[in-house]
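The structure under discussion appears below in the form of structure tokens.
Residue numbering restarts at 1 for every chain, and letters A, B, ... go by the order of the sequence lines. Not measured: the values here are computed from a predicted model. Computed over heavy atoms, backbone and side chain alike; hydrogens, waters and symmetry mates excluded.
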Protein chains: 2
Amino acid sequence: MGFTIKDVAERAGVSPATVSRVLNGQQRYIRPETRERVLRAVQELGYLPDRRAQALRRRRTGVIGVLTPDISNPFFSLLVRGVEHEARAHGYSVLICDSQNAPEGEDRAIDALLRERVDGVIVTSVRADNTKLLKFLSKGIALVVADRPLTHLDVPTVTVDNVRDGYKLTKHLLALGYERLAFIQGPPDTATALGRWTGYLQALREHDLEPPKGAVVSGDFTFEGGYRAAKRLLRRLGAFDAIVAANDLMALGALYALRERGIAVPDELGLAGFDDIPMASWVHPRLTTVAIPAYRIGKEAMKLLCACVRTDADKVRHRVLPTRLVVGESCRPSRR
Amino acid sequence: MGFTIKDVAERAGVSPATVSRVLNGQQRYIRPETRERVLRAVQELGYLPDRRAQALRRRRTGVIGVLTPDISNPFFSLLVRGVEHEARAHGYSVLICDSQNAPEGEDRAIDALLRERVDGVIVTSVRADNTKLLKFLSKGIALVVADRPLTHLDVPTVTVDNVRDGYKLTKHLLALGYERLAFIQGPPDTATALGRWTGYLQALREHDLEPPKGAVVSGDFTFEGGYRAAKRLLRRLGAFDAIVAANDLMALGALYALRERGIAVPDELGLAGFDDIPMASWVHPRLTTVAIPAYRIGKEAMKLLCACVRTDADKVRHRVLPTRLVVGESCRPSRR
DNA sequence: ACGTTTTCTGAAAACGTTCTCGGGAATCGT
DNA sequence: ACGATTCCCGAGAACGTTTTCAGAAAACGT
């Protein structure tokens, strides 16, 4: 059935040790003719080394794990893609664990990653304070946090400045003439959602404004959640002149709810989000949003992880990537 | 750092064998007190067995692979989700390999899966005739094909009837009064794309119609591809009164192109696709499409795989799941 | 009280690799 | 021609589990 290194050795008339040496690119100290024979045997049998046996013997698996709250969220699937691309370049393969946006799912995923003995982990946690992540560190597994900073752990981190983004977007809307900005929040225990909310509040305060009464509702970062949140908001129609959603997916859900009710965007209500996921530019009107470089976040996180693994000098490095305000057509140019 | 079964054994004052027995649910022949001591030691050390060592010793890894052409395509991410859900229920974990829609990527992924010694594979191949898949069978690895049937292999398969779907949708459009249906094709070597195209041709022939000249263009199942294809089509504007795309993602890309050109759907042009991905119902007008039960396909494929592994009586079973025509608003009710 | 069965547990051999030794053959320097 | 290097390669011990085998201790039947 499956051939082992012994089969190859036998066929080539050498010892397993030699086969291993040939395959692992030990260039020197191998007679060309021997190498030739081994490679031919490998070829003929279609031999592929057993990764699990390799991992057991070498003290590393060559696998890094990425813990994501929701892979079907385009933002994270882009981030993962960034990780994968960089990982491949370094010879790692990636194991994706989806926590389904649930703390229990996250704990399960962490155990799975520990059992798999991954060499490192890139995590965007559901909760900002998951202490179970400490397990990685205590077992000497490199850990890098992407996108969502943790409160209790000082580890390398690749993020954006969510407060600044929230502030930036809100200021933009205020500058356009909007004054009563409804807000659809994200999960309250993620730093991302919290940061954007904080920035929003800051900007309002600067204009001596407050969130309109009853026009702040909670969501869960999904399209459906945004849709439901918007429906709740619409009961207070008139209390606000624009909606800011804590991410694009919810903004799109809101857009759907508005269209359902026949409310024109941006003519009757402004709408904005965060992330600039591909779909944000596919809809009409093109969503005004803040572009978060998800792919680059993943890529940089992987780079940091490699640095951690190589030089285990754990000088904690944080990288904060720049973002860009994307002016779409979902907020009208100016009020007058 | 990482604790082994020996550490646990030592701490509990028993042999590794006993620890293993306790952990693997060998209920009988273990003194309750011993079990107690072992479990406490496991608890205290936070011991988690090494999956790789386990896999090496037992002759199975408990991992099944799924080979998908493009995980960022919502259709496949839904399919994978179906696989995952069912797999978890059977105690399997899944390893996702994305071939990036490229034959070379697929070959690489197959090798990866072979090296990982997965217990089984669910594959939706890029090419209908990839002979490299035979390797799985020759190594005794269970193989189930999902969504895209293969031409050269007789293995368990879960599909829909693409020809029927293409026929069904086309008939629907013809019944609405459309007569000159442009077509955006999918990758020519996938059975899915081919089947839908075939069904489309069948339906046209029944009405003594032909594809409008110059209004058949090729695409690659992506949003961007659909967008570009539509732009090409628009050079022949007037030669057709509706566009059928071989999947929803391309239809959405086309929708974007039409909007860009200020062409109203469905007033000036009809538009339809296949799959009924979530986004098809998020846009305006709601896409007319044929709903393919991606999640169920994944789920059923996993069920078949389990059946294969258990009873290696390889009685090939094919399952063809029903589909449903979803009448949206992207095709006008009737022509008059 | 003495075989016989039933419970419980440990020693040790796998699983498929890699890697450290060490030893034989070839090459080199003189 | 002969010690000293330099090349090449095999034996065998790991890596962390599971599982077979067998043996000791306890329970049982007479």
| remark: Picking from D/dC8, D/dC15, D/dT17, the nucleotide nearest the side-chain atoms of A/Leu56 would be D/dC15
| message | With a 4.0 Å cutoff (strictly under), does any side-chain N or O of A/Ser15 reach OP1 or OP2 of D/dC9? | response | no
| query | If you look at every strand shown and take non-hydrogen atoms under 4.0 Å, does B/Arg52 touch a base, only sugar-phosphate, or nothing? | reply | nothing
| query | Taking only N and O in the side chain of B/Arg58, is any of them less than 4.0 Å away from OP1 or OP2 of D/dT18? | reply | yes
| Derivation and outcome, salt bridge (charged side-chain N to carboxylate O under 4.0 Å, His left out), residues B/Asp111 and B/Lys135 | CA-CA 9 Å; B/Asp111 278 352; B/Lys135 282 210 158 190; 5.1 Å; no
| Does B/Val63 reach the side chain of B/Arg51, with side-chain heavy atoms less than 4.5 Å apart? | yes
| Under 4.0 Å between a side-chain N/O of A/Thr34 and OP1 or OP2 of D/dC9, yes or no? | yes
| Proximity to the side chain of B/Tyr29 - top-ranked nucleotide from C/dC8, D/dT20, D/dG10 | C/dC8
| said: Taking atom NE2 as the centre, does B/His90 end up with more than 12 heavy-atom neighbours from other residues, nucleotides or ligands that are less than 6.0 angstrom away? | reply: yes
| task | Using Watson-Crick or G-U wobble geometry with both distances below 3.5 Å, tell me the partner of D/dG29, or none. | result | C/dC2
| Listed nucleotide nearest any side-chain atom of B/Val14, set D/dG10, C/dG10, C/dG16 | C/dG10
| query | Considering only C/dG16, C/dG10, C/dT9, which nucleotide approaches the side chain of A/Ala53 most closely? | reply | C/dG16
| request: Would you indicate what B/Ser20 reaches in the nucleic acid, counting non-hydrogen atoms under 4.0 angstrom: base, sugar-phosphate, or nothing? | output: base
| Proximity to the side chain of B/Arg57 - top-ranked nucleotide from C/dC15, D/dC8, C/dG10 | C/dC15
| field | Within 6.0 angstrom of A/Glu10 CD, more than 12 heavy atoms from elsewhere | value | no
| Counting side-chain heavy atoms from CB outward, which of C/dT9, D/dG16, D/dT18 is closest to B/Asn24? | D/dT18
| Atom-pair distance (CZ on A/Phe3; C1' on C/dT17), nearest Å | 18 Å
| said: I'd like to know if A/Arg21 reaches the base of D/dG10 with its side chain such that a donor and an acceptor end up less than 3.5 angstrom apart. | reply: yes
| task | Give A/Arg117 one of three labels, base, sugar-phosphate or nothing, depending on what nucleic acid heavy atoms sit under 4.0 Å from its own. | result | sugar-phosphate
